[in-house]
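Take a look at the structure below.
Numbers here simply count residues along the sequence, with the first being 1.
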Amino acid sequence: AASTVADVADDVPSASHAQVVQGTSRSLPQRRPPIVGILLAAYVCGVLLVLLRTATAWRRVRLWRAQAIPLSDPALERRCRDLACRIGLQRPVSLSVFVQVSCPTQVGILAPEILLPEAAPGAVRVTDAVLLHELAHVRLRSVFFGLVGRLAAAAHWYNPLIWLAVRGERMSGEQACDDWATAVGRD
């Protein structure tokens, strides 16, 4: 009698049949549920998105620093150095003028710099309180701790409490610099 391919296939035991025949009950490796892969991909995308936003902001500040014009006002530079000594700041802080900032802004971690608005250098707006506030940011390392907060937010982006903590850190940092400027300004 001629046998067909279907008949021969029926005669060959399958892998599970062979395991049962041999008396073993080894189970085949189980696949992870697809939800785990989806959640992992979503988590990685969230981390990358927050890191991309942070890197974009960091790059923008680097461009600001590159476009800023070093200040050429010896009296204001001297005043800034004197105020830095009053708060115990040993690091040199550069003063520069930048058109696109509307108020004095401290940038930089390793080489701190205060960017002043274009009209500010000779104007009355750059008071001791304003300089003290920005110098307090340098003294308290506000930019560094802001970056640490953003990196923590990248790792825990899915948690709304981390965003509240980052916002609270930024607001309390501003308040601390205001308090410091007020306290030192009274002396």
With side chain to side chain contact (heavy atoms under 4.5 Å, CB included) as the test, would you mind laying out the steps for Glu174 and His137 before giving the verdict? CA-CA 8 Å; Glu174 285 297 322; His137 278 297; 3.0 Å; yes
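Residues satisfying the salt bridge (Lys or Arg N to Asp or Glu O under 4.0 Å) criterion with Arg65, sequence neighbours excluded, are Glu113.
In this structure, Ile109 places its CD1 atom where more than 12 heavy-atom neighbours from other residues, nucleotides or ligands lie under 6.0 Å away.
The list of ring pair (Phe, Tyr, Trp, His ring centres under 6.0 Å) pairs with a residue in residues 62-105, not counting sequence neighbours, reads Trp64-Phe98.
Taking all atoms of both residues into account, the shortest heavy-atom contact from Leu135 to Ala84 is CD1-N, 3.7 Å. Closest non-hydrogen pair, Pro74 versus Ser72, comes out as CD-O, 3.6 Å. Closest of all the heavy-atom pairs between Ser96 and Ala68 is CB-CB, 3.7 Å. In terms of heavy-atom proximity, Ala154 sits nearest to Leu51 at CB-CD2, 3.7 Å. Val97 approaches Pro117 most closely through the heavy-atom pair CG1-O, 4.0 Å. Looking at every heavy atom in both residues, Glu77 comes nearest to Leu71 through OE2-O, 2.8 Å.
Here the OG-CG distance, from Ser172 to Asp178, works out to 11.5 Å after rounding to the nearest 0.5 Å. Rounding to the nearest 0.5 Å gives a distance of 10.0 Å between CG of Leu95 and CZ of Arg79. Summarising the geometry, atom CZ belonging to Arg81 is positioned 10.0 Å from atom CG belonging to Leu76; distances are rounded to the nearest 0.5 Å. Here the CD1-CG distance, from Ile35 to Leu40, works out to 11.5 Å after rounding to the nearest 0.5 Å. Here the OG1-CZ distance, from Thr54 to Arg150, works out to 4.0 Å after rounding to the nearest 0.5 Å. The CH2 atom of Trp180 sits 5.0 Å away from the CG atom of Leu140 when rounded to the nearest 0.5 Å.
Under the 3.5 Å distance criterion, the side-chain polar atoms of Ser94 are left unmatched by any main-chain donor or acceptor of Pro92. Side chain of Tyr43 to main chain of Ala155: a donor-acceptor pair is present (N/O by atom type, distance under 3.5 Å, no hydrogens or angles). At least one donor-acceptor pair under 3.5 Å links the side chain of Arg86 to the backbone N or O of Val184.
In the hydrophobic cluster analysis, where Ile, Leu, Val, Met, Phe, Trp and Tyr join through side-chain heavy atoms closer than 4.5 angstrom, Val101 is grouped apart from Leu116. Residue Val50 is not grouped with residue Leu52 when hydrophobic side chains (ILVMFWY) are merged at heavy-atom distances under 4.5 angstrom, including chains of intermediate members. Following chains of ILVMFWY side-chain contacts shorter than 4.5 Å, one cannot reach Trp58 starting from Val61, and the two form parts of different hydrophobic clusters. If you chain together hydrophobic residues whose side chains sit under 4.5 Å apart, Tyr158 and Val47 fall into the same group.
Here the side chains of Leu48 and Val44 are in contact, with some heavy-atom distance below 4.5 Å.
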Review item, side-chain donor-acceptor pairs of residues 161-171, under 3.5 Å, at least two apart:
from   : atom 1 : to     : atom 2 : distance (Å)
Trp163 : NE1    : Trp157 : O      : 2.9

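A donor atom on one side chain and an acceptor atom on the other are not found under 3.5 Å apart for Gln106 and His133.
With Glu134 as reference, Ile114 is the one residue of Val107, Leu115, Ile114 to meet the side-chain contact (heavy atoms from CB on, under 4.5 Å) rule.
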